[in-house]
Amino acid sequence: MAWGRATAAGTLPHVATIERPTVEIERPANPEHGDLSSNLAMKLARPCRMAPLRIAEALAAELAADAGRPGSIIGAVTVAAPGFLNVRLADVALADVVGAVLAQPAVWGHVPAETPHRVNVEFVSANPTGPLHIGNARGAFVGDLLCRVLEAAGHSVTREYYFNDFGAQVRNLGASVVAIRRGEPLPEEAYRGAYVGDLASEIPDDVWSAAEVAGADPVMIVGQWASERVRAGIEASLAHLGVRFDVWKSEGSLYRDGWVARAVERLEAAGALFQEDGALWFRSTAFGDDKNRVVRKSNGDWTYFGSDIGYVVEKFSRGFDQLIYIWGADHHGTVARLRNAATAMGYDREAVQMILMAWVRFIRDGVEVSMSKRSGEFITLDELLAEIGVDAARWFFAARGHTSGIDFDIELAKKQSAENPVYYVQYAHARIASILRKAAEAGLAPGAAVGPAALTGALTGAPEAALVRALARFPEIVEDAAAAEETHGITAFATELATEFHAFYRDARVVDPAEPERSAARLSIVRATQLTLAGALGLLGISAPEAM
RNA sequence: GCGCCCGUAGCUCAGUGGAUAGAGCAUCUGACUUCGGAUCAGAGGGUCGGGGGUUCGAGUCCCUCCGGGCGCGCCA
């Protein structure tokens, strides 16, 4: 706007549309540079053939005129070398933020999406052949955190768990359980964890008698029972983490319900399939893959890839417009083929997205802990959570990007969980709760009796302004997190806000019966801070305690 | 060999092409007898793996080399 007026007024030369840079506004790292800043003048220097500093001054003059008008959110405008345009927000704008938080706490931090999506997020998806172990932890947390952020950003999200309920692994589990039940030696490929013995002793009578009927397939019957039993255990473990799935999808159902056949039809119609050596192949190289991929083996069995393409069709048939897969780094070889198949079937390639997580190496006493279900040497997720706690574990994974490998030293994590920054944030929340209780005893309360004028007055003091400036960033933090599909921005924000609050607490007496008006204003700000902390913690699935 | 990811403070990690590269932990020095000291104030600690390039500006983009992880089955 200011740019347009400056051009119209002749202070800036006209710039051809094609040369116009996009207007970028960002939040400066250094608070002395104001609340918002723009590099527009530097971008305009070349097309305008003017020194960036002079352009910035022209734009600043126009913005300063705005600042004079009543109700303007612009407080002050300054120019800094080599041509930054810095804007400080007016107190009124900050008071509005506090008012908005207090008026509608439930929606604070929820930002409407420009185009809301129906998103399917599939994660964990460990086969139910044993309890979840700590190697599954990252996927569970990263997936759930992503879902929470997407929901806050206005999208509708379905959490989905995909599991194999037939085939070799289930037979294997069945064979292991049957062997123990019968007191026979374990087969070569058996699962050997203690849970297998537990399963053997828990087989219900009706299942066991069905398995022993002449001509029955005891391994499959017991395997399917055991697999469902294990799956239910996994569901319970995830519930302890605060992760709840909307859909549990069995791989077998994709065949029974014809989804794989439909996928093959689509690929056939697109001319993307061919026969060779008795197998059915997808021509993935036509889409840039380095080799073609088998869909159905020469022995007639479908590959995992076959299941995967059927699943894509099934998911889109439910009306999703975005599919997100949370996979381990070892799956990156399968990304291209699945996206290629989706493209070939006529879906938008960009709507099929994989998030690959780097590996977590678990270390105990300097030695990497093996994670083999076959050998039974693994640490379960339940055991880990019992040691370090859900809040600390959630924070640990939320605060890190998923692209970096992590060495997770179990002893160190136990020791450090006591120093986890999550407690710093929770402490700030609890401390505010305590202040509000004290205020209530003194007959003081936030909000109600305080008009915008009182708030504005309070904000002219430095401690209030700094705190409100900090909490006002929350919606933009959520927006950024959703766009980046990362949550460490939220942990960083929560830590900064807690720091800002502790500084405020040091400098500003909140509960002071001698000054009821100022107390009420400060209580409003403190209450808004508490709601913001609770909102940020809630986004991470972490509790916000009233007392610690 | 080819492909993807990673390399930032002693440690664990942030850092959508912008201003003096940040935070927590660890280390060191301090703090008001009033609202919770799980707090606060301050200090030390960096050739952003090396080298080129792109531009007003590079930890960020491009090339290359070094180091690490992971993949390259009609396995699951």
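Every chain is numbered from 1 and lettered A, B, ... according to where its sequence line falls, protein lines coming before strand lines.
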Regarding the side chain of Thr403(A), the nearest nucleotide among U39(B), C74(B), C6(B) is C6(B)
To the nearest angstrom, the NE2-P distance between His429(A) and C35(B) comes to 20 Å
(Q) Within the 4.0 Å heavy-atom criterion, would you say Gly401(A) contacts the bases, only the backbone, or no part of the nucleic acid? (A) sugar-phosphate
In whole angstroms, the gap separating P of U12(B) from CZ of Phe396(A) amounts to 10 Å
Winner on side-chain proximity to His488(A), out of G15(B), C74(B), G36(B), is G15(B)
The nucleotide from C4(B), G73(B), G36(B) with an atom nearest the side chain of Lys291(A) is G73(B)
Out of C56(B), G37(B), A14(B), minimum distance to the side chain of Tyr505(A) belongs to G37(B)
Of C72(B), A19(B), C70(B), the nucleotide closest to the side chain of Asn86(A) is A19(B)
Would you mind writing out the side-chain donor-acceptor pairs for residues 476-490 of chain A within the sub-3.5 Å range, not counting sequence neighbours?
{"unit_1": "Glu476(A)", "atom_1": "OE1", "unit_2": "Arg27(A)", "atom_2": "NE", "d": "3.1"}
{"unit_1": "Glu476(A)", "atom_1": "OE1", "unit_2": "Arg27(A)", "atom_2": "NH2", "d": "2.9"}
{"unit_1": "Glu476(A)", "atom_1": "OE2", "unit_2": "Arg27(A)", "atom_2": "NE", "d": "3.0"}
{"unit_1": "Glu485(A)", "atom_1": "OE1", "unit_2": "Gln353(A)", "atom_2": "NE2", "d": "2.5"}
{"unit_1": "Glu485(A)", "atom_1": "OE2", "unit_2": "Gln353(A)", "atom_2": "NE2", "d": "3.2"}
{"unit_1": "Thr487(A)", "atom_1": "OG1", "unit_2": "Ala398(A)", "atom_2": "O", "d": "3.0"}
{"unit_1": "His488(A)", "atom_1": "ND1", "unit_2": "Gly401(A)", "atom_2": "N", "d": "3.2"}

Q) So what does Asn299(A) hit on the nucleic acid, given a heavy-atom distance under 4.0 Å: a base, only sugar-phosphate, or nothing? A) nothing
With the side chain defined as heavy atoms from C-beta on, Ala279(A) is closest, among U39(B), C74(B), G71(B), to C74(B)
Leu53(A) CG to C56(B) C1', in whole Å, measures 13 Å
Atom OH of Tyr325(A) and atom C1' of C4(B) are separated, to the nearest Å, by 19 Å
Testing U39(B), C75(B), G71(B) for proximity to the side chain of Tyr427(A), the answer is U39(B)
Testing G71(B), U39(B), A38(B) for proximity to the side chain of Tyr423(A), the answer is A38(B)
Rounded to whole Å, the CH2-P distance (Trp395(A) to A23(B)) equals 15 Å
inquiry  = Classify Thr491(A) by what it touches in the nucleic acid, base, sugar-phosphate, or nothing, heavy-atom distance under 4.0 Å.
reply    = nothing
Per atom distances to the Pro421(A) side chain, the nearest of C40(B), G24(B), C4(B) is G24(B)
Q. What is the nucleic acid contact for Glu546(A), judged by heavy atoms within less than 4.0 Å: base, sugar-phosphate only, or nothing?
A. base
Quick note, Ile435(A) side chain, CB onward, closest among C75(B), C35(B), G18(B) is C35(B)
> Is the NZ or CZ atom of Arg431(A) both under 6.0 Å from the centre of the six-membered ring of Tyr505(A) and within 45° of that ring's axis?
Replying inline: yes
query: Touch check for Ala484(A), heavy atoms < 4.0 angstrom, all strands: base, sugar-phosphate only, or nothing?
result: nothing
Practice task
Indicate whether Phe84(A) forms a stack on A19(B); treat it as stacked only if centroid distance is below 5.5 angstrom and interplanar angle below 30 degrees.
Solution key: yes
Exercise for review: Give Glu251(A) one of three labels, base, sugar-phosphate or nothing, depending on what nucleic acid heavy atoms sit under 4.0 Å from its own.
Suggested key: nothing
| message | Under 6.0 Å from the ring centre and within 45 degrees of the ring axis: does the NZ or CZ of Arg339(A) meet both conditions for the six-membered ring of Phe287(A)? | response | no
In whole angstroms, the gap separating P of C74(B) from CG of Asn292(A) amounts to 11 Å
Can you check whether any acceptor in the base of G71(B) is under 3.5 Å from a donor in the side chain of His331(A), or vice versa? no
Next on the checklist: Under 4.0 Å, heavy atoms only, any strand: does His502(A) hit a base, just the sugar-phosphate, or nothing?
Outcome noted: sugar-phosphate
task = Have a look at Ser434(A) and say if it touches a base, only the backbone sugar-phosphate, or nothing, with a 4.0 Å heavy-atom cut-off.
result = base
Output field dot_bracket for RNA chain B (Watson-Crick or G-U, both distances under 3.5 Å, | for other-strand pairs) contains (((((((..((((....[...)))).(((((.......))))).....(((((..]....))))))))))))....
>> What's Arg509(A) touching, base or sugar-phosphate or nothing? Going by heavy atoms closer than 4.0 Å.
In response: base
What nucleic acid atoms does Ala483(A) come within less than 4.0 Å of, heavy atoms only: base, sugar-phosphate, or nothing? nothing
